[in-house]
Amino acid sequence: MPRFILTDRRILLLGLTLVFILVVTRWLLPIAVGIRWVADAGYWFLLLLVVMFGRALWPLITMVWRTKTFGRFEIGVSLIVVLIVAMWTAHEKPGYKILADELMLSGTAMGLHYERIAACPTRVTDVNGPFQILERAVDKRPFAYPFLLATVHDLTGYRPANAFYLNMVLAVVLLGLVYLLGWQVTGNRWAGVAGVMFLSGLPLLAQQATGGGFELLNLVLLTAFALLLTGYLRNSSAGRLEALVFGTLLLASTRYESALFLFPAAAAALIGWARAGRVSFSWPLQLSPIFLVPLLLQNRLFSGNAQAWQLGDKPGTNTPFAVYYLPDNLGHALAFFFDFGGYLANSPVVAGVGLLALPFLFLFILRVVRAPRHASDADVAWAIVAISMLAITTLYLLYFWGQFDDPIISRLSLPVHLLMVLALYIAGRGWDKHVWAWKATALLALGGLLFHGLPVMARQAYRTDYGPGMEMKAREEFLASLVDKNVLFIDRDSFFWILHKIPATPVQQAQARREGLAYHLRNHSFQEMFIYQRVMLDEQTGQPAVVREDELGAEFELEIVFERRIRTLQFARISRITAIMSGDRVDHRPVRFVKPLAERHSPAELDKNRTLYLENWIKQLP
């Protein structure tokens with residue numbers, strides 16, 4: 001590294017700031033205080049980060065708009081992109097697809113929208129009139145997507161479905177950036193079209209584009225990261241570095257593992273300064289380490305917490321990452337990429353072309369690494385981007401739950417699919433004089449869409465094979481049939497009802513607070529009390545049995561009001577609570593009629609009684 005970089009006072013101050021922040025957030029600050037601070041200040045940090053990113057990005061957008069030739073070809077591509085997303089939404093019904101990740105993200109967005117607190121509501125009520133959040137918990141997932149969703153709520157009003165519409169818009173942006181990426185790497189517009197067509201035939205992307213997860217935002221920022229890094233190394237100005245740094249910080253605030261892209265961004269900054277022979281630095285960059293504070297504090301939720309890592313979901317595992325997971329995960333990855341049964345949201349065409357292009361990508365990286373001084377700025381940039389994405393792929397394959405053919409985990413393969421498209425672009429850079437080659441590639445991708453992608457999306461076998469998703473569909477169906485929303489739901493996935501502003505509580509909490517439930521049943525607090533339960537059938541006798549985790553106990557009397565088959569031998573059941581035994585007393589579901597008051601009270605007495613009742617009401621909540 002050149003001496004002028006190491007001795008620059010601004011760089012030394014930046015390094016000292018990073019070390020100070022790391023020491024304070026990781027060791028000095030108590031974890032309880034840090035998490036509470038994240039909840040209170042997380043929104044404002046994200047707001048400032050987005051403002052700083054927009055401030056740095058806007059001059060670059062206007063410059064590209066003036067210098068690049070955007071004409072009828074780009075208008076045609078834009079129409080194709082919108083048509084593709086419309087096609088996805090025609091086959092994929094908008095809704096929550098991956099549980100409970102998407103519910104937690106939407107819950108955090110609700111907290112940001114209503115209270116500017118970066119935490120997911122766990123207890124809510126509307127007894128006092130307005131919707132109120134009584135208790136909340138900080139989620140382990142970063143806040144960038146909830147912040148963006150909360151902003152949509154701010155602009156259009158709160159609706160749970162905003163999460164799905166936001167991802168549809170992000171899908172359009174992603175495909176547009178993939179087109180620009182192909183044009184940037186190869187210099188050929190048809191390369192961008194080919195990349196767009198390949199991704200259009202990936203059912204997994206269609207699934208995420210109509211869901212409520214953060215995968216689309218992660219892909220958008222990952223593609224933007226590649227474009228910004230290349231733009232910076234081609235012209236190492238302070239403004240371009242600002243856009244790269246703040247864009248990467250936003251990417252790091254989207255998914256856990258995306259924080260690793262901070263290292264290649266830092267490497268690109270050093271390489272850019274070394275190749276330019278000067279340090280291009282601006283005052284906003286001096287503030288950039290501050291935005292790591294929420295990430296570092298929130299990451300402490302994983303420290304020594306097996307529940308946060310969800311190790312219990314895979315019996316026999318005791319460490320999140322290990323080399324011995326690699327062989328098994330590779331087998332699951334190949335099973336996912338080349339499945340033709342339709343029960344996985346994959347695209348063998350993308351996988352086949354991508355795996356054929358990967359050796360060319362490795363050779364390209366090797367050539368740049370062996371002679372970096374002889375490589376062009378663009379080649380160095382693409383090599384850094386490719387190495388970064390390969391590192392993320394390796395991390396997934398070393399993850400204890402990194403089986404791509406698992407319906408919950410298959411979404412982790414999306415950055416790998418983007419890597420395959422990048423490998424295709426790199427491998428085809430010599431086709432600049434053979435436009436027909438890229439046109440043929442785009443035609444091949446179209447064939448993959450027509451002969452595999454569309455039939456798989458139309459069958460929806462991968463959706464119906466995912467039990468939690470079908471359970472969520474049953475909840476949505478019952479919610480749509482409710483006329484009066486003044487109800488209480490007991491459900492292990494209580495977040496679904498909370499997001500729709502319906503009071504809800506988990507089953508274990510309801511069991512522990514049986515007397516409180518009896519109080520509310522007796523006092524007409526809710527029009528109805530319902531419980532959602534999973535029911536399994538004995539294949540020998542055909543007798544139904546409620547799953548143990550959903551069993552309320554003999555003290556509750558239930559009346560079945562809704563039942564749907566989820567998959568073979570499994571049903572979703574919703575029952576009305578008609579009576580609760582509390583001690584020697586049995587409280588029945590009240591009959592709906594009105595009796596005349598035996599005595600009159602003054603307005604002051606009524607207000608006093610109402611206040612006392614409200615205080616006791618809240619204390620009795622389950």
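FYI, side chains are in, hydrogens and waters are out, and symmetry mates aren't considered; it's all heavy atoms of this structure. Predicted model, so just to flag it, every value in this text is computed and none were measured.
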S575 and Q533 have their tightest heavy-atom pair at OG-OE1, 4.1 Å
Please check if the side chain of N162 supplies one atom and the backbone of G157 the other of a donor-acceptor pair under 3.5 Å. yes
Does Y399 have its ring centroid less than 6.0 Å away from the ring centroid of W309? no
Please determine whether side chain to side chain contact (heavy atoms under 4.5 Å, CB included) holds for the pair L46 and L250, giving the CA-CA distance in whole Å, both sets of side-chain angles, and the decisive distance to 0.1 Å. CA-CA 8 Å; L46 259 297; L250 200 56; 4.1 Å; yes
Minimum heavy-atom separation for L450 to P455, with atom names? O-CD, 3.4 Å
Closest heavy-atom contact between S413 and S410? OG-O, 2.6 Å
Check against side chain to side chain contact (heavy atoms under 4.5 Å, CB included), R189 and E74: CA-CA 9 Å; R189 286 177 166 92; E74 279 65 42; 2.7 Å; yes
From the list R463, Q460, Q207, side chain to side chain donor-acceptor pair (under 3.5 Å) with E92 holds only for Q460
Are there more than 12 heavy atoms of other residues, nucleotides or ligands under 6.0 Å from atom CZ of F321? yes
Side chains of V185 and R429: does their closest heavy-atom pair fall under 4.5 Å? yes
More than 12 heavy atoms from other groups under 6.0 Å of NZ on K93: no
L260 versus S388: any side-chain heavy-atom pair under 4.5 Å? no
Does CD in Q508 sit with more than 12 non-hydrogen atoms of other residues, nucleotides or ligands closer than 6.0 Å? no
To the closest 0.5 Å, what do you measure between NE2 (H500) and CZ (R159)? 12.5 Å
Heavy atoms of G342 and R459 approach each other most closely as CA-NH1, 4.0 Å
Going by ring-ring contact (aromatic ring centres under 6.0 Å, His included), name the residues that satisfy it together with Y256, two or more places apart in sequence or in a different chain. F302
Distance-only, no hydrogens or angles: does the N167 side chain make a donor-acceptor pair with backbone N or O of G213 under 3.5 Å? yes
Is the shortest side-chain heavy-atom distance between L414 and L202 below 4.5 Å? yes
Quick one, Q403 and N329 - any side-chain contact, counting heavy atoms below 4.5 Å? yes
T464 side chain reached by M470 side chain, heavy atoms, under 4.5 Å: yes
Check: T317 side chain, L311 main-chain N or O, donor-acceptor pair, under 3.5 Å: yes
Determine whether a donor-acceptor pair (N or O, by modelled atom type, separation under 3.5 Å) exists between the side chain of D550 and the backbone of R534. yes
Residues forming a side chain to side chain contact (heavy atoms under 4.5 Å, CB included) with L390, sequence neighbours excluded: F362, I365, L419
Looking at G212 and Y145, what are the two nearest heavy atoms and their distance? O-CE2, 3.6 Å
Measure the CG-CG distance between D339 and L344 for me, rounded to the nearest 0.5 Å. 4.5 Å
Test side chain to side chain contact (heavy atoms under 4.5 Å, CB included), reference H113, set T151, T108, D154, output is D154
Flag yes if more than 12 heavy atoms outside F360 fall under 6.0 Å of its CZ atom; otherwise flag no. no
Main-chain N/O of L103 paired to S106 side chain as donor or acceptor, under 3.5 Å: no
Quick check: does any side chain N or O of E551 sit under 3.5 Å from a backbone N or O of V546, one acting as donor and the other as acceptor? no
Any R141 side-chain heavy atom under 4.5 Å of M104 side chain: yes
Quick test of your reading: applying salt bridge (Lys or Arg N to Asp or Glu O under 4.0 Å), list the pairs with at least one residue in residues 203-220, sequence neighbours left out, ordered by first then second residue. E215-R255, E215-R411
Decide yes or no on side chain to side chain contact (heavy atoms under 4.5 Å, CB included) for L205 and W88, but give the supporting numbers first. CA-CA 9 Å; L205 198 55; W88 285 348; 3.6 Å; yes
Is the closest side-chain heavy-atom distance between T505 and R123 below 4.5 Å? no
Is it the case that more than 12 heavy atoms not belonging to Y158 sit under 6.0 Å from its OH atom? yes
Okay, side chain of N346, backbone of F336: is any donor-acceptor separation there less than 3.5 Å? yes
Please confirm whether R475 makes a cation-pi placement over Y532, using NZ or CZ under 6.0 Å from the six-membered ring centre and within 45° of the ring normal. yes
Aromatic centroids of F489 and F496 separated by under 6.0 Å: no
Which one of T441, V178, L446, V193 satisfies the side chain to side chain contact (heavy atoms under 4.5 Å, CB included) criterion with F198? T441
Without hydrogens or angle criteria, can the side chains of Y96 and E476 be said to hold a donor-acceptor pair below 3.5 Å? no
With side chains defined as the heavy atoms from C-beta onward, is the minimum distance between Y325 and L397 less than 4.5 Å? no
Distance, nearest 0.5 Å, that separates CG of N299 from NZ of K140: 11.5 Å
Please check if the number of heavy atoms outside K473 that lie under 6.0 Å from its NZ is greater than 12. no
Show your working on side chain to side chain contact (heavy atoms under 4.5 Å, CB included) between F261 and L221 and close with a plain yes or no. CA-CA 11 Å; F261 286 99; L221 292 173; over 6 Å; no
Is it the case that the side chains of W431 and N188 hold a donor-acceptor pair, with the cut-off being a distance below 3.5 Å and no angle test? no
For atom OH of Y114, is the number of surrounding heavy atoms from other residues, nucleotides or ligands below 6.0 Å larger than 12? yes
Separation of N218 CG from L174 CG (nearest 0.5 Å): 10.5 Å
Closest non-hydrogen contact found for V507 with I490 is CA-CG2, 3.8 Å
Between R564 and E477, does any side-chain N to carboxylate O distance fall below 4.0 Å? yes
Is there a donor-acceptor contact under 3.5 Å from the side chain of Y165 to the main chain of P94? no
Q208 (side chain) donor-acceptor with F214 (main chain) under 3.5 angstrom: no
Just how far is it from atom OG of S494 to atom CD of Q509, taken to the nearest 0.5 Å? 9.5 Å
